[in-house]
Novice: 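My structure is below; once you've seen it, I'll send some questions.
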Amino acid sequence: DSQDYCYDKTNCDPYAWGDSFPLCHPLLELHHSPINLDHHMVRNNSLGPLHLEGFDEIQTGHWTLENDGHCVLLQVGSGMAVSGGGLPGVYHTIQLHFHWGGPATNGSEHTVDGRRYPMEMHLVNMKSIHPNVSAALDDPTGLAVLGFFIDVVYADNVYFGHISQKLSSVAYRGQMTKVKPFPLLSLLPKHNMSQYYRYSGSLTTPPCSQAVVWTLYEVPIYISWSQLAQFTSQIFSTEEDAEQVTPLQNNFRHLHPTFSRTVSASRD
Ligand code: 1SD
Ligand code: ZN
């Protein structure tokens, strides 16, 4: 249908999103995401580490892993929030999700000095004064998305396994499965969480609303080749794609110019 979108199909890719979603049109909207980040940029000493509340606890209830046809999302309940680090308010954590490439091609959305990482994880947080995400999308700082690059090594990442082991249960759009809560901190880089990039941008998916304070951490999360392969081979957009063994790959949006925006780096 016309309100759907895709990534790398013939005649259907992010360059065409603007036909159905006006805000995605590059000429109507000058604050798009993702962008390339430059690691030589000037550091801003007022940007200290973010405060991650509830990330070291095991939340009650259960979380839900879901395939929405465009990516895999983990909905994480209501016990966590992020603040500080120059964010204009307290933001409640809603979900995290992933962008990836193919078996031999990288698929992060942001790049650093022109380098694309294998994957990117987005932790989506909504400013607590808003009743729902659609209200937050009308506020230029309504969402705070924390982005983490994912790089590949030989060893499995045990915590990441909580998600990657469940991917076969959410093979195509609309499928969901329960995940037992675990401390989200265990997924994040173990050190240098004070080093990040900051800029104002948009959702990287339709409707491409310019409502996001982006924080991109410099230190990546490490997973194994086989964990990466689970994303590039086990997730399908539709049930039909699953039958034809055409996995969902390259679910990242193309890069955009920064134009007049300031991109900052936190203090070291
Ligand atoms: O792709 C996500 C989309 O699924 C949704 O979570 C939205 C915010 O609610 O954010 C985009 S993204 O900009 O974080 N990629
Ligand atoms: Zn995303």
Side-chain angles (χ1 to χ4, degrees), residues 3-8 13-14 17-18 20-21 23-24 26 29 31-35 37 63-78 80-82 87 91-101 106-111 116-128 130-150 163 170 172-176 184 187-188 196-217 220-221 231 235 237 248-256 261:
Q3 284 305 295
D4 202 8
Y5 63 94
C6 31
Y7 284 98
D8 65 349
D13 64 31
W17 289 353
S20 309
F21 303 92
L23 293 179
C24 297
E29 171 56 86
H31 289 168
H32 284 288
S33 294
I35 62 168
L37 302 161
W63 292 346
T64 309
L65 191 69
E66 177 188 343
N67 178 335
D68 73 354
H70 311 292
C71 73
V72 173
L73 296 88
L74 182 65
Q75 311 274 1
V76 293
S78 60
M80 289 163 291
V82 306
L87 294 177
Y91 291 74
H92 285 284
T93 306
I94 306 170
Q95 48 104 334
L96 58 87
H97 64 264
F98 302 90
H99 302 267
W100 59 88
N106 289 346
S108 69
E109 297 217 287
H110 293 85
T111 57
R116 196 176 292 285
Y117 283 85
M119 289 181 66
E120 188 169 324
M121 178 173 96
H122 289 156
L123 186 71
V124 181
N125 308 275
M126 184 186 78
K127 202 192 276 177
S128 57
H130 295 301
N132 51 49
V133 172
S134 60
L137 294 184
D138 290 330
D139 171 354
T141 60
L143 296 179
V145 181
L146 311 190
F148 297 88
F149 296 111
I150 299 180
I163 297 169
V170 293
Y172 50 86
R173 177 191 303 235
Q175 288 199 307
M176 294 185 193
L184 268 194
L187 270 190
L188 308 186
Y196 59 83
Y197 304 96
R198 165 65 49 74
Y199 79 99
S200 296
S202 71
L203 298 180
T204 65
T205 56
C208 304
S209 319
Q210 187 201 305
V212 182
V213 183
W214 279 97
T215 304
L216 279 308
Y217 285 90
I221 295 169
F231 279 89
I235 301 299
S237 186
L248 172 62
Q249 295 178 345
N250 303 314
N251 58 350
F252 60 91
R253 192 186 189 198
H254 53 287
L255 294 170
H256 293 268
R261 285 177 286 183

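Just follow the structure's listing: the first ligand is 1, and inside any ligand the first atom is 1.
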Novice: Which ligand 1 atoms, with their elements, are less than 4.0 angstrom from a heavy-atom of L203?
Specialist: 7 (C), 8 (C), 10 (O), 13 (O)

Novice: The Zn ion (ligand 2) and H99: any N/O/S contact shorter than 2.8 Å?
Specialist: yes

Novice: Is it the case that the side chain of N67 and the backbone of Q175 share a donor-acceptor pair, with hydrogens and angles ignored and the cut-off at 3.5 Å?
Specialist: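 A pair under 3.5 Å: no.
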
Novice: Quick one: look up the protein heavy atom nearest atom 13 (O) of ligand 1 and list residue, atom name and how far away it is.
Specialist: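 Minimum-distance protein heavy atom for atom 13 (O) of ligand 1 reads T204 N, 2.8 Å.
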
Novice: Applying side chain to side chain contact (heavy atoms under 4.5 Å, CB included) between E120 and each of T111, N106, L216, I221, report the one that passes.
Specialist: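 With E120 as partner, T111, N106, L216, I221 yield a single side chain to side chain contact (heavy atoms under 4.5 Å, CB included), made by L216.
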
Novice: With H32 as reference, evaluate H256, R253, H254 under the side-chain hydrogen bond (donor to acceptor under 3.5 Å, both in side chains) test and give the passing residue.
Specialist: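 Single side-chain hydrogen bond (donor to acceptor under 3.5 Å, both in side chains) partner of H32 among H256, R253, H254: R253.
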
Novice: Would you sort out whether H122 and C71 count as a side chain to side chain contact (heavy atoms under 4.5 Å, CB included), showing the intermediate values?
Specialist: CA-CA 11 Å; H122 289 156; C71 73; over 6 Å; no

Novice: Between the side chain of R116 and the main-chain N/O of S108, is any donor-acceptor distance below 3.5 Å?
Specialist: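 The answer is yes, because a donor-acceptor pair under 3.5 Å joins these two groups.
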
Novice: Look at atom 5 (C) of ligand 1 and say which protein heavy atom is nearest, naming residue and atom and giving the distance to 0.1 Å.
Specialist: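 Nearest neighbour among protein heavy atoms for atom 5 (C) of ligand 1, to 0.1 Å: Q95 NE2, 3.7 Å.
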
Novice: Check the orientation of Y5 and H70. Use parallel for under 30°, tilted for 30 to 60°, and perpendicular for over 60°.
Specialist: parallel

Novice: Using distance alone, with no hydrogens and no angle criterion, decide if Y7 and S237 have a side-chain donor and acceptor under 3.5 Å apart.
Specialist: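 On atom types as modelled, these side chains do not qualify, holding no pair under 3.5 Å.
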
Novice: Any heavy atom of R253 closer to ligand 1 than 4.0 angstrom?
Specialist: no

Novice: Give me the nearest non-hydrogen protein atom to atom 2 (C) of ligand 1 as residue plus atom name, then the distance to 0.1 Å.
Specialist: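 Heavy-atom neighbour on the protein nearest atom 2 (C) of ligand 1: H97 CE1, 3.4 Å.
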
Novice: With atoms numbered from 1 as shown, which atoms in ligand 1 lie under 4.0 angstrom from a non-hydrogen atom of H122?
Specialist: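 Those qualifying, in numeric order: 14 (O), 15 (N).
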
Novice: Of all the atoms in ligand 1, which lie at a distance below 4.0 Å from a heavy atom belonging to T205?
Specialist: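 What qualifies from ligand 1 is 1 (O), 2 (C), 3 (C), 11 (C).
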
Novice: Heavy-atom contact check, 4.0 Å cutoff: does H99 meet ligand 1?
Specialist: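 So H99 counts as touching ligand 1.
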
Novice: Has ligand 1 got any nitrogen or oxygen that is less than 3.5 angstrom from a nitrogen or oxygen of D68?
Specialist: no

Novice: When you measure from the Zn ion (ligand 2) to each N, O or S atom of H122, which atom gives the shortest distance?
Specialist: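 The nearest such atom is ND1.
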
Novice: So which of F252, Y197, Y199, Y117 actually passes ring pair (Phe, Tyr, Trp, His ring centres under 6.0 Å) with H110?
Specialist: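 For H110, the ring pair (Phe, Tyr, Trp, His ring centres under 6.0 Å) check succeeds only for Y199.
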
